[in-house]
Participant: 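Quick one: structure below, then a few questions.
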Amino acid sequence: NGARSWIPDRSIMKLRTRISILTAILAALPTFVLGIIIVNGTKAVFIREIDNSLIATINQPRLLRELRNTAQLPIRGFTDSIISVARYERNGTFTILRAPGFTDKDDFPVLTPEQIFQARTQIITVAGENEFRVFALEPRKNEIFVFAASLEQNQRAVQEILFRTLIAALAIALLSGVIAWFVVSRFFKPVNEMVEVAHKVADGDFSQNMPKVKNGTEIGELTNSINKMLQALRQFVSDASHELRTPLTVIRGYSELLQKPNVDKERSQRAISRIETESLRMVRLVDDLFTLTKADSVTPIYKRPIKIGQIIEEYFKDIVLQDPSRKIILNLKPETILNCDEDLMRQLFSNLAQNILRHTPQSTGVTVDISQDNQNTTIIIDDQGPGIPESLRNQVFERFTRLDESRSRETGGFGLGMSIIKSVVDKHQAKIYLEESPNKGLRVKLIFPN
């Protein structure tokens with residue numbers, strides 16, 4: 001048990017971890033997206049400023065004269081400029097005329113003739129070890145000056161922003177994950193208790209109840225539903241045990257009688273007969289429970305078109321064979337086809353017929369009508385028995401429910417017939433109604449979707 005108790009905890013921890021991770025991701029994602037937007041915006045601003053600087057430099061009125069001056073005198077505006085200038089020769093060589101004012105580097109981008117031709121009409125970006133914004137000026141034929149501004153400083157600034165954004169996103173994710181972990185842990189505390197209770201119930205301790213949780217929450221609704229289910233399960237086990245205890249007590253008593261010496265033949269025959277009767281009673285109970293379990297199972301039913309009138313006729317004519325004094329009126333249409341599970345339908349009408357035999361007086365009549373339209377197939381069964389009071393009609397569908405305890409025991413009923421009928425009806429997504437019959441008995445109306 002100690003080893004098993006870790007299994008639900010690990011499952012809850014896995015779910016808790018997934019929720020915490022998801023929370024962390026959802027918290028960090030907006031920060032990261034916002035950081036990307038800021039990075040792209042900053043990069044665009046830097047490039048725009050560099051381009052404006054290039055244009056301002058090129059528009060200086062004395063620029064060309066100073067560039068043609070071979071004395072390498074400082075060019076006004078280039079002292080602190082990030083712009084370097086080179087002369088392009090037709091043989092493909094570059095002569096760097098001015099390096100950036102703030103550095104001793106003579107770096108200059110490697111340009112192809114195609115790039116120089118493109119740079120004469122617009123400012124372009126040239127990739128390499130470092131990126132450059134480049135513009136070419138051709139004041140006269142065979143005279144091309146190339147202006148290049150390195151993006152290295154800007155790239156470093158952008159990378160710094162990106163790095164800080166990632167750090168912020170990770171910090172937010174970590175903080176959100178930790179907060180989510182503690183919040184979810186507190187939220188799942190009753191779930192851990194519920195799992196422990198479920199294990200105890202699985203081990204056979206049906207006295208357990210789910211912990212009390214505040215109503216109005218999902219966990220509260222779940223615990224209330226499970227407690228109702230446990231109560232129904234306890235009642236079911238109690239009723240089934242009670243039903244089995246009675247025949248077992250009888251069998252044990254008569255078995256002990258047979259073991260006594262000098263038991264006369266009459267008492268011996270009675271003991272054997274009673275043992276056989278109670279054994280058959282137990283077999284019927286087990287069969288009913290098995291049928292009910294099968295009807296309640298989640299496995300899909302096997303539907304196929306069948307002539308439903310033939311099945312109804314088969315089981316309701318059996319009533320006459322068992323009680324020839326009864327009058328059965330069957331208003332059936334042989335051509336009526338119902339798409340259903342034949343085995344389950346046989347169980348349904350077998351139980352309906354047996355209920356009539358058990359719970360209606362001898363010599364009374366039964367009428368069965370069937371009708372069909374485009375949407376539904378309706379089957380109505382009217383008997384002339386005592387009926388069921390309206391206040392108790394929903395109760396009869398509960399398992400081991402007897403409205404007449406003494407008569408049910410005499411007829412061998414267990415209070416499972418209507419439960420089996422309801423389960424079969426639900427399995428077919430149909431509806432069942434219990435009403436007062438025009439014959440002063442009970443009307444059972446079944447409506448099956450086509």
Side-chain angles (χ1 to χ4, degrees), residues 280 284 287-288 290-292 294-295 301-388 393 396-397 408 411-414 416-450:
L280 292 175
R284 288 197 300 271
D287 287 343
D288 283 350
F290 177 76
T291 300
L292 195 57
K294 182 180 178 182
I301 61 177
Y302 175 64
K303 286 186 177 183
R304 65 184 184 89
I306 64 170
K307 294 182 178 180
I308 191 63
Q310 293 182 358
I311 293 179
I312 296 174
E313 182 178 12
E314 178 181 335
Y315 286 100
F316 279 82
K317 282 189 174 181
D318 287 346
I319 296 177
V320 179
L321 293 177
Q322 298 178 62
D323 183 2
S325 65
R326 291 182 180 272
K327 183 179 180 181
I328 307 296
I329 300 175
L330 301 177
N331 299 320
L332 306 177
K333 299 178 181 179
E335 70 276 7
T336 302
I337 302 296
L338 181 63
N339 191 36
C340 60
D341 186 302
E342 182 175 351
D343 291 338
L344 291 179
M345 296 304 290
R346 287 184 176 277
Q347 292 169 358
L348 185 151
F349 289 108
S350 173
N351 277 278
L352 284 173
Q354 291 301 313
N355 281 347
I356 291 172
L357 277 171
R358 290 172 181 168
H359 305 309
T360 60
Q362 292 182 348
S363 303
T364 57
V366 179
T367 303
V368 182
D369 293 279
I370 187 169
S371 61
Q372 192 173 53
D373 55 29
N374 293 332
Q375 286 79 34
N376 301 306
T377 298
T378 303
I379 302 168
I380 298 176
I381 303 167
D382 290 308
D383 64 41
Q384 296 177 341
I388 299 176
R393 288 173 187 170
V396 298
F397 294 119
S408 295
T411 56
F414 304 103
L416 292 175
M418 293 303 291
S419 297
I420 293 174
I421 292 169
K422 184 67 165 59
S423 294
V424 173
V425 168
D426 291 342
K427 200 79 171 177
H428 286 80
Q429 298 180 340
K431 296 179 180 179
I432 181 170
Y433 300 96
L434 302 182
E435 304 171 349
E436 183 177 352
S437 169
N439 300 333
K440 305 303 182 183
L442 177 68
R443 164 171 285 188
V444 179
K445 181 186 289 186
L446 301 167
I447 302 177
F448 292 88
N450 293 333

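Numbers here are sequence positions counted from 1.
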Participant: For a quick test of reading the model, state the closest non-hydrogen atom pair linking F316 to I356 and the distance between them.
Facilitator: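 For F316 and I356, the tightest heavy-atom pair comes out as CE2-CD1, 3.6 Å.
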Participant: Quick one: CG on L442 to CG on L352, what's the gap to the nearest 0.5 Å?
Facilitator: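 So the gap between those two atoms works out to 9.5 Å.
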Participant: Quick check: do N339 and N450 have side-chain heavy atoms less than 4.5 Å from each other?
Facilitator: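 Answer no - side chains too far apart.
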Participant: Contact between Y302 and D343 at the side-chain level, heavy atoms closer than 4.5 Å - yes or no?
Facilitator: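 Heavy-atom side-chain distance check fails, nothing below 4.5 Å.
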Participant: To the nearest 0.5 Å, tell me how far Q354 CD sits from I319 CD1.
Facilitator: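 CD1 of I319 is found 8.0 Å from CD of Q354.
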Participant: Which atom pair, heavy atoms only, marks the closest approach of P361 to G385?
Facilitator: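 Closest approach of P361 to G385, heavy atoms only: CD-CA, 3.9 Å.
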Participant: For G365, is there any backbone N or O sitting under 3.5 Å from a side-chain donor or acceptor partner on Q384?
Facilitator: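 Yes, the answer is positive, given that a donor and an acceptor are paired below the 3.5 Å cut-off.
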Participant: Rounded to the nearest 0.5 Å, how far does NZ of K445 lie from OG1 of T378?
Facilitator: 7.0 Å
Participant: If you draw a 6.0 Å radius around CD in Q429, do more than 12 non-hydrogen atoms from other residues or ligands fall strictly inside?
Facilitator: no
Participant: Looking only at atom types and distance, does a side-chain atom of H428 sit under 3.5 Å from a main-chain N or O of D341, one as donor and one as acceptor?
Facilitator: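 Side chain of H428 to backbone of D341, a donor-acceptor pair under 3.5 Å: yes, one is there.
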Participant: Measuring from atom CD1 of I381 to atom CD1 of I312, what distance do you get when rounded to the nearest 0.5 angstrom?
Facilitator: 6.5 Å
Participant: A quick test of your reading: do over 12 heavy atoms of other residues, nucleotides or ligands sit less than 6.0 Å from CD of Q322?
Facilitator: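 Check passes, neighbour count above 12.
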Participant: Using modelled atom types only, decide if a donor and an acceptor are shared between the side chain of R326 and the backbone of L321 within a distance under 3.5 Å.
Facilitator: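 Absent.
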Participant: Are side-chain heavy atoms of I337 and K307 found at a separation under 4.5 Å?
Facilitator: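 Yes. Closest side-chain heavy atoms under 4.5 Å.
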Participant: Taking the side chain from N331 and the backbone from T367, do they hold a donor-acceptor pair closer than 3.5 Å?
Facilitator: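 Answer holds: no.
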Participant: Tell me if the NZ atom of K303 is crowded by more than 12 foreign heavy atoms within 6.0 Å.
Facilitator: yes
Participant: Taking the side chain as every heavy atom from C-beta outward, state whether V444 and I421 have any atom pair closer than 4.5 Å.
Facilitator: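 The answer is no, as the side chains (C-beta and beyond) never meet within the 4.5 Å cut-off.
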Participant: How about D383 and H359: do any of their side-chain heavy atoms sit closer than 4.5 Å?
Facilitator: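 D383 vs H359: side chains apart.
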Participant: How far does OG of S350 sit from CD1 of I311, to the nearest 0.5 angstrom?
Facilitator: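 If we round to the nearest 0.5 Å, S350:OG and I311:CD1 are 11.5 Å apart.
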Participant: How many angstroms lie between CZ in F349 and CD1 in I308, if you round to the nearest 0.5 Å?
Facilitator: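 These two atoms lie 4.5 Å from each other.
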Participant: Which atom names give the shortest non-hydrogen contact between D382 and I380, and what distance separates them?
Facilitator: OD2-CG2, 3.7 Å
Participant: Please report the closest heavy-atom contact between C340 and I306, naming both atoms and the distance.
Facilitator: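 Taking every non-hydrogen atom into account, SG-CD1, 3.2 Å.
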